[in-house]
> 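Below you'll find the structure I mean.
Side chains are part of it too, since the values below use all heavy atoms of this structure and drop only hydrogens, waters and symmetry mates. Predicted, not measured: the structure shown is a model, and the values here were computed from it. A, B, ... follow the sequence lines: proteins, then strands. Residue 1 opens every chain.
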Amino acid sequence: MIIETPQPLDLESTLLSGQAFRWQRSDGWYRGVVFGNVVKLRKRGDGLEILSTPDDEQSIEPIIRDYFGFKTDLQEIYNSFSCDTRIQGAITRYRGMRILQQDPWECLVSFICSSNSNIGRITRNIHDICVTFGRPISSGADTIHAFPTPRDLADAGEDLMGRLRLGYRTRYISDTARVIADGRLDLISLREESYTDALEALIGLPGVGDKVANCVLLFSLNKPEAFPVDVWIHRALREWYLSDEEKNLSRPKIRLWAQKRFGRFAGYANQYLFHDRRLEDRSNQHHSNVG
DNA sequence: AGCCAGGCCCTCC
DNA sequence: GGAGGGCCTGGC
C-alpha cells in the first residue's frame with residue numbers, strides 16, 4: 001500500500017545515518033525489521049510504499065507513522081534554527097531527514113554496542129545478536145530475525161554471546177538485559193518522564209554513560225532536547241561553535257552548553273550536524289586516498 | 001606496528 | 001569531580 005507522508009522525506013538519510021542499524025538497501029527498497037515485522041519501504045511519487053510481513057500493511061501503517069514521527073512538524077523545528085547558518089546549511093542538504101522513534105530496548109542495546117566502534121561494526125554486531133538470539137520471522141526465501149527480548153539476552157549466557165565479537169560490551173549487554181528482564185527498570189515508562197529524570201534512570205545501567213543515554217532518549221524515548229556528544233559532534237562544536245575556554249569543558253558540560261544554544265529541539269541540530277560532518281569527513285578521506 | 005574508532009568504568013588525586 | 005588509562009575488536 002502507498003501512504004501519504006509529510007514532504008519532503010529523505011529516506012536515505014533517515015534510515016542509514018546511524019540512528020538505527022537494521023535497514024539496508026536492495027532493489028530500490030529499504031528493508032528493515034520494525035517491532036517484529038519485516039518491512040520494505042520505497043518512495044512512490046509523494047507517497048511511501050509499504051510491504052510488511054507477517055502483519056499486513058494496514059495494521060503496520062500506524063506503527064510506521066509513529067516510528068518515523070510523522071506527527072512531528074519538521075518545518076517548525078527548522079524555523080527554530082533560523083539564526084544558525086551552519087545548521088541551515090545541513091538542513092538544506094538533508095531536508096526531510098527525520099529522527100526515528102525506535103523500540104527503546106533495541107535502541108539501548110545498539111548504542112551500548114556503539115562505544116569505541118563504528119557504524120559498520122555496530123550493524124554487524126546487531127545482526128549477529130538478532131540471528132543468534134532473535135525469534136525467526138519467515139519472509140519469503142530468506143529467514144529474518146526479530147530483535148531478541150530482554151529475557152532472551154538475559155538468559156543467553158555470556159559464553160554464547162561472547163562469540164559474537166562484541167568485546168567488552170558483552171558484559172554490559174548481558175547485565176543490562178538482566179536489569180530490564182527483571183523489571184528493575186521499565187524503559188517504555190521513561191517516555192512519560194522528564195528528560196532529566198529519564199536521563200538519570202538510564203545512566204545507572206551498565207555500559208550507559210551520558211552519550212549512550214542521550215542517544216536512547218533522542219532515538220527512542222521522544223526527547224528532542226537530548227544531545228549526544230560523540231567525537232564527531234565534539235569536533236564540530238569545537239571547530240565551529242566553542243570559544244577557546246569552552247573547548248576544555250567536559251562532555252556533559254558541553255552537552256549542557258549545546259542544549260542551551262540549540263534549545264528544545266537540540267537533538268535535531270545534533271543529528272543534522274552529525275550527518276553533515278560525517279559525510280563531509282568521508283568525502284575528504286575519499287579524495288585524499290585518490291590523490 | 002601503532003593509532004583510532006559514534007565511550008564507559010575504575011582509580012587516584 | 002575530574003583527569004588519565006585500560007579495554008575487545010577491526011580497519012587503515
Side-chain angles (χ1 to χ4, degrees), chain A residues 13-23 90 94 97 99-100 102 106-129 132 156 158-177 179 199-220 226-239 245-258 266-291:
Chain A
S13 297
T14 301
L15 297 176
L16 301 182
S17 60
Q19 303 182 51
F21 302 93
R22 297 208 70 191
W23 290 96
Y94 316 113
M97 174 168 68
I99 287 186
L100 298 169
Q102 306 173 52
E106 175 175 342
C107 192
L108 175 60
V109 174
S110 299
F111 284 96
I112 288 176
C113 286
S114 76
S115 96
N116 245 351
S117 190
N118 55 72
I119 291 179
R121 185 180 173 198
I122 300 163
T123 302
R124 192 174 61 243
N125 289 157
I126 295 301
H127 175 262
D128 290 344
I129 287 173
T132 309
E158 292 190 24
D159 48 345
L160 183 51
M161 209 190 300
R163 297 179 202 164
L164 302 186
R165 295 180 299 179
L166 296 162
Y168 57 82
R169 304 162 195 81
T170 301
R171 185 166 44 82
Y172 295 153
I173 292 170
S174 191
D175 291 349
T176 290
V179 173
L199 177 64
E200 197 175 333
L202 286 172
I203 283 186
L205 294 168
V208 181
D210 195 83
K211 189 273 176 182
V212 170
N214 273 276
C215 285
V216 176
L217 290 166
L218 182 59
F219 300 136
S220 73
F227 195 95
V229 180
D230 55 47
V231 295
W232 297 92
I233 289 294
H234 199 185
R235 277 179 207 145
L237 292 179
R238 286 169 60 109
E239 185 172 335
E245 297 220 345
E246 289 163 340
K247 287 187 209 296
N248 297 323
L249 293 173
S250 67
R251 293 289 188 87
K253 292 231 170 102
I254 286 183
R255 168 173 65 74
L256 287 170
W257 182 96
Y268 282 82
N270 185 299
Q271 184 61 18
Y272 279 79
L273 269 182
F274 172 77
H275 193 50
D276 201 34
R277 181 80 189 190
R278 187 171 157 268
L279 292 191
E280 181 186 309
D281 196 82
R282 279 175 47 165
S283 165
N284 289 340
Q285 246 178 358
H286 178 68
H287 291 314
S288 68
N289 287 344
V290 170

> Going by number, which of residues 169-176 of chain A have a non-hydrogen atom under 4.0 Å from DNA chain B?
A:Tyr172
> Who passes salt bridge (Lys or Arg N to Asp or Glu O under 4.0 Å) against A:Asp276, sequence neighbours left out?
A:Arg93
> My understanding is that only residues two or more places apart in sequence, or in another chain, count here; which of them pass salt bridge (Lys or Arg N to Asp or Glu O under 4.0 Å) with A:Glu200?
none
> Would one find more than 12 heavy atoms of other residues, nucleotides or ligands at under 6.0 Å from atom NE2 of A:His127?
no
> Answer with base, sugar-phosphate or nothing: what part of the nucleic acid does A:Arg165 contact at a heavy-atom distance below 4.0 Å?
sugar-phosphate
> Restricting to side-chain contact (heavy atoms from CB on, under 4.5 Å), what partner residues turn up for A:Thr176, sequence neighbours left out?
A:Trp105, A:Leu108, A:Ile112, A:Ile180, A:Leu205, A:Pro206
> Return the set of residues passing salt bridge (Lys or Arg N to Asp or Glu O under 4.0 Å) with A:Asp128 (not counting sequence neighbours), or none when no residue passes.
none
> Report the secondary structure of DNA chain B in dot-bracket form, marking unpaired bases with a dot and bases paired to a different strand with |, and treating Watson-Crick or G-U pairs with both distances under 3.5 Å as paired.
.||||.|||||||
> Need one value for A:Leu205: base, sugar-phosphate or nothing, where a base atom within 4.0 Å counts as base even if backbone is also close, heavy atoms only.
sugar-phosphate
> Using the test side-chain contact (heavy atoms from CB on, under 4.5 Å), find all partners of A:Asn116 that sit at least two apart in sequence or belong to another chain.
A:Tyr168, A:Arg169
> Show every salt bridge (charged side-chain N to carboxylate O under 4.0 Å, His left out) that has at least one partner inside residues 203-220 of chain A, sequence neighbours left out.
A:Asp210-A:Arg255
> How would you label the contact of A:Asn116 with the nucleic acid (heavy atoms, under 4.0 Å): base, sugar-phosphate, or nothing?
base
> Checking A:Arg251 now: which residues fulfil salt bridge (Lys or Arg N to Asp or Glu O under 4.0 Å) with it, not counting sequence neighbours?
none
> Does anyone know the first and last nucleotide of DNA chain B in reach of chain A, 5' to 3', at under 4.0 angstrom to a heavy atom?
B:dA5 to B:dC9
> Judged by modelled atom types alone, do A:Ser17 and A:Gln271 share a side-chain donor-acceptor pair under 3.5 Å?
yes
> Could you tell me whether A:Ser110 contacts a base, only the sugar-phosphate backbone, or nothing, with contacts defined as non-hydrogen atoms closer than 4.0 Å?
nothing
> Nearest to the side chain of A:Lys253, heavy atoms from C-beta on, is which of C:dC7, C:dG2, C:dG10?
C:dG2
> Using a 4.0 Å heavy-atom cut-off across all strands, classify A:Pro228 as base, sugar-phosphate, or nothing.
nothing
> How would you list, by chain and number, every residue that makes a side-chain contact (heavy atoms from CB on, under 4.5 Å) with A:Ser13, sequence neighbours excluded?
A:Asp10, A:Tyr94, A:Met97, A:His275
> Which part of the nucleic acid does A:Arg277 contact within heavy-atom distance under 4.0 Å: base, sugar-phosphate only, or nothing?
nothing
> Mind checking what makes side-chain contact (heavy atoms from CB on, under 4.5 Å) contact with A:Arg163, not counting sequence neighbours?
A:Leu160
